[in-house]
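Report on the structure given below.
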Amino acid sequence: MAQRLALQRLLSLAPRTLPSQGPLARCAPPAPHGRAFGTSAGCRSTFNVQDGSDFQDRVVNNPKPVVVDFHAQWCGPCKILGPRLEKMVAKQEGKVLMAKVDIDDHTDLAIEYEVSAVPTVLAMKNGDVVDKFVGIKDEDQLEAFLKKLIGA
């Protein structure tokens, strides 16, 4: 458990690079086991937002629907929802992506998107917020949220 937490912390601090062909242009579908961790930084369905321009490039300008998880390290419910949401996004086999935004690191984005409590999850399509929820949801509710976003 301690090793997993150390790995998560290390991966969240590592800089991310993307292929020059656009956001996740040539990525294979996520691994069948649903883990978001791997050695390839550019080809996963879940990523940590690095700054405002990264958010613009990878979320707002993304042709795929993106779920944005506004969270904080100190937030207990966020620690429950985050992995649950990542698992459900991975099950969508690349039809939707997940951006993780730490509100303590990116206060400007939290203010811009009117996040007043965490966890707050936005569903974005073509740069617009099309749905949102605040708080913890169970897997059935998350699946319905994602299916509505991708139109399945």
Heavy-atom side-chain proximity of Leu81 to Phe133 below 4.5 angstrom: yes
Are the side chains of Met124 and Val60 in contact, using a 4.5 Å heavy-atom criterion? yes
Minimum-distance pair of heavy atoms, taken over all atoms of Asn126 and Pro63: OD1-O, 4.5 Å
On a heavy-atom basis, which atom in Ala90 and which in Ser45 lie closest, and how many Å separate them? CA-OG, 4.1 Å
On a heavy-atom basis, which atom in Pro77 and which in Pro119 lie closest, and how many Å separate them? CB-CD, 3.9 Å
Members besides Val134 in its Ile/Leu/Val/Met/Phe/Trp/Tyr cluster (side-chain heavy atoms under 4.5 Å): none
Looking only at heavy atoms, which two atoms of Phe145 and Lys132 are closest? And how far apart? CE1-N, 4.1 Å
Do you know the tightest heavy-atom contact between Asp131 and Lys148? OD2-NZ, 3.4 Å
Do Thr46 and Leu85 come close enough that some side-chain heavy atom pair is under 4.5 Å? no
Side-chain contact test, heavy atoms from C-beta onward, threshold under 4.5 Å: evaluate it for Asp102 versus Gln73 and give yes or no. yes
Sort out for me which residue in Ile103, Val68, Val101 forms a side-chain contact (heavy atoms from CB on, under 4.5 Å) with Leu109. Val101
Joint hydrophobic cluster, Leu142 plus Ile150, side-chain heavy atoms closer than 4.5 Å: yes
Do any pairs count as a ring pair (Phe, Tyr, Trp, His ring centres under 6.0 Å) and have a residue in residues 56-85, sequence neighbours left out, and if so which ones? none
Shortest non-hydrogen contact between Gly94 and Lys64, atoms and distance: O-NZ, 2.8 Å
Less than 4.0 angstrom from a charged side-chain N to a carboxylate O is my criterion; do Lys91 and Glu143 meet it? no
Contacts of Asp51 that satisfy side chain to side chain contact (heavy atoms under 4.5 Å, CB included) - sequence neighbours left out: Ser53, Asp54
Sequence neighbours left out, what passes side chain to side chain donor-acceptor pair (under 3.5 Å) with Lys100? Give chain and number order. Glu86
What distance separates Gln50 CD from Asp57 CG, expressed to the nearest 0.5 Å? 12.0 Å
Ile136: hydrophobic cluster co-members (side-chain, 4.5 Å): Ile80
Under 3.5 Å donor-acceptor, Gln92 side chain and Val89 backbone: no
Who are the side chain to side chain donor-acceptor pair (under 3.5 Å) partners of Glu112, not counting sequence neighbours? none
May I ask whether Val130 and Leu146 are part of the same hydrophobic cluster, defined by side-chain heavy atoms of I, L, V, M, F, W, Y residues being less than 4.5 angstrom apart, directly or through others? yes
